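Okay, structure first, notes after.
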Amino acid sequence: MTDPLFDGLTQPQRDAVAHVDGPLLVLAGPGSGKTRVVTHRIAHMLRSGVYSSQIVALTFTNKAAEEMRSRVERLAPQSTVWVSTFHRFCARLLRHYSNLVGLESNYTIYDTSDSLQILKRSLQQQEVSTSHATPEKVARAISWAKNNMILPERYEANSANAISSIVRDVYPEYQRQLRAANAVDFDDMLMLVAQMLQENDELRAALDERFRYILVDEYQDTNLVQYLLVRSLSQQFPNLGVTGDPDQSIYGWRGANLSNILDFEKDFEHVNVVRLEQNFRSTPNILTVADHLIGHNKRRKKKSLFTDLPAGNPVRLLTYATSHEEAHAIALRIASQVAQGKRRPRDFAIFYRVNALSRSYEEALRQQGIPYMIVSGVEFYHRKEIKDVLAYAMLLNNPRDDVAFTRVVNTPTRGIGQATVLKLQVHALDNGISMLDAAREAGMIDSLNKRGAVAVAKFVALFDRLSLKINEPVEEILGAILSETGYRAQYEDSDDEEDQSRLENIDELLSSAREFDIQHPEDGTLEQYLEDKALVNETDEFDAELDRVTMMTLHAAKGLEFPFVFIVAVEQGLLPHDRSKDSEAQLEEERRLLFVGITRAQEELELSTASKRDFRGRRQMTVPSTFLFELPKEEMDFQAHLAPPPTASRPQWDDVHEIPEDDYSQIGESGDFSDQTPSEEVPGFTKMLMTAADMVKGPQSARPKSDPDRFHQSMAVLHPTYGLGKIIAMSGEGAKRTATVKFLTGGQDTKKFVLAYSELRPAATS
DNA sequence: CGTGTGCAAGTTTTT
DNA sequence: CTTGCACACG
């Protein structure tokens, strides 16, 4: 008989898919078809009579959630299984039960930089000496505490740790200020829900019953709070199915606790343990190398990886004289393969330990005219202009949000300086009110001079005017913000290149808002939009469809696969990283990081080092990573490229041999790319940080200037009756697309037009 | 109050 | 080499 849920699966895979009730631990090696197993299992559970409303699948990333959701949908089209990230799951519970933890349901989610502002303020307030502790370090310590479910009042200082006494003093104040602003940080979302479940057993039991079947992906990356969360929801109904791989745990530094997965069998009774050890991704050559490396870790569950795939080329280890040559050779190698039609740019990936290394590879690729993309980098929603605009929206949604207030009150500059802001802050604190409310009383604050009070009053008036829009579509709200505050104007008047790119980013933000409005015709509230933005990261939008070489950190590479992988700068200090040398545990994590990188490769893998590396503006001698000595050299291809390392004292490999240049010599004559001049006109040549909008649209249309309709935000328009005006906001889609226009003659009044029917037309401006 | 310059520091970063 | 932030000036 054939059964689409089980056909073509291996026996262990079937065992996992067939599991319905009780705890399940799937130890899934890299490339072992884990997602397939999980999705098939969900489909099988549904088929066995489990209601989809009783299932919730939790992931770490939006990307993983998206992937799982779409695959479940394909297998079980009618189902409404809730697939969500941990944070989104908690966000939703928090909205519902906000009053239980001292929040209002319109609470704000602060990202790391927002929370850092609060923390800095708290540090000042408590007058803590921060001589040896940067706010970032304190923030990490607080985050650690929250991840370990240590509430502010329960935190105890450790005398051996200087930071911990600072934390003890400032953590409660930090938390108090967050609550005062009706805001949470990322860690709060999880911690507050866990706390809620802990303190309210009735609620816990109800939710346990509601979510009878819980699935957790990447269980090796869970921290204590996440552990408590899923555990407390698996008491009466211990149908907890987790998948993960201890060898791919690379987020220990963020509080991930390897014990969660290693001790799963102790935590639950009658655990069904399934090992997925067969790899469907990589050649045996690559797999052997990965296996040897990870075998040096002590804290793990032994797995024996194997594959039926045919043998491929040996894994190569190349030593270059300089980092420059390394980059150049990699670029040539890619160019050659592409030129010969063997591979396409998208088949290649370059992984490095730190983002700062990306530059030289980038330059080399550009030189060869190879299209590439850097995943990560400066995140779209963290860019100043985006944060500024969203801060206005956040303040509209939650007027108690002091961080947003502080950010926008003088952006663009309107004569409200630091001193004035500080006075508002003090007044707010003294009276237990928000800064916005303090601003409303500006006239009554004695310390404020007249000029400051007037400026603040004008800002409040501006804010109140914007508030009237709060129930409009999001695009319109943002549009109004951009024009009413003069935010767009400040960049429009500039011919600075950077300002122009800011404008482009703002336009992308508008189109994302427009997309949101279209997708949420009913529930498209500003609150929902802001939650979306807070919980989305643009690397989630990584798009393998684009035909470009991918460059990313090893961390970002998890979960992906590429036919041809380069792992560069495998050198002491970088991999393992300098800061990871304190403990064995950290060293093992670094090793896992390399393991993750290696196991991304499907067919070809090249590890490389350079004897001299240009980094941070200086050239330094390097030492090859100790990890390289843990690889099975008899199965690999060791090649010292060009000059041998100049120092005799450094570690040597027995069988290093020089290779001739001819491997690369034919490149450049006939290459598709070599005769093209890198230029702006050819898409993909320029440095490219992917943004969400780019990813969706593809590189050619990254600039929204080819908007199908002739109208856009802030455009000058002419109307036969009202005369000359300016579009201050737009919303709607297709035939219903409308523009809000402010006319020269109309004062503050605006008029709305449905573009398809109106007599509005673009005014020629020069 | 706003802006410019000098200086120190610089993993990784699912949300 | 970058980038963020502190401080000094106009």
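Numbers restart at 1 for each chain; the letters A, B, ... are given by sequence-line order, proteins then strands. Just so you know, these numbers come straight off a predicted model, no measurement behind them.
Distances shorter than 4.0 Å separate none of the side-chain N or O atoms of K558(A) from OP1 or OP2 on dT12(B). Between N355(A) and dG10(B), a side-chain N or O to OP1/OP2 separation shorter than 4.0 Å is absent. OP1 or OP2 of dG2(B) sits under 4.0 Å from a side-chain N or O of N410(A). Taking 4.0 angstrom as the limit, R616(A) places a side-chain polar atom (N or O) nearer than this to OP1 or OP2 of dT11(B). Side-chain N/O atoms of T420(A) include one lying less than 4.0 angstrom from OP1 or OP2 on dC1(B). Under 4.0 angstrom from either OP1 or OP2 of dC1(C) there lies no side-chain N or O belonging to R618(A).
A salt bridge between D114(A) and K387(A) is present, with a side-chain N of the basic residue lying under 4.0 Å from a carboxylate O of the acidic one. A salt bridge is absent between D247(A) and R592(A): the closest approach of a Lys/Arg side-chain nitrogen to an acidic carboxylate oxygen does not fall below 4.0 angstrom. Taking 4.0 Å as the cut-off between side-chain N and carboxylate O, E590(A) and R353(A) count as a salt-bridged pair.
Centre separation under 5.5 Å together with a plane angle under 30° holds for the ring of H577(A) and the six-membered base ring of dT11(B), marking them as stacked.
Within the 4.0 angstrom heavy-atom criterion, no nucleotide atom of any strand lies near A64(A). Base engagement by R140(A) is indicated by at least one non-hydrogen atom pair under 4.0 Å involving a base atom.
Mapping A419(A) and D187(A) onto DNA chain B by nearest heavy atom places A419(A) at the nucleotide closer to the 5' end.
No side-chain donor-acceptor contact under 3.5 Å links T411(A) and D388(A).
Out of dC5(C), dT11(B), dT15(B), the shortest distance to the side chain of T61(A) is found at dT15(B).
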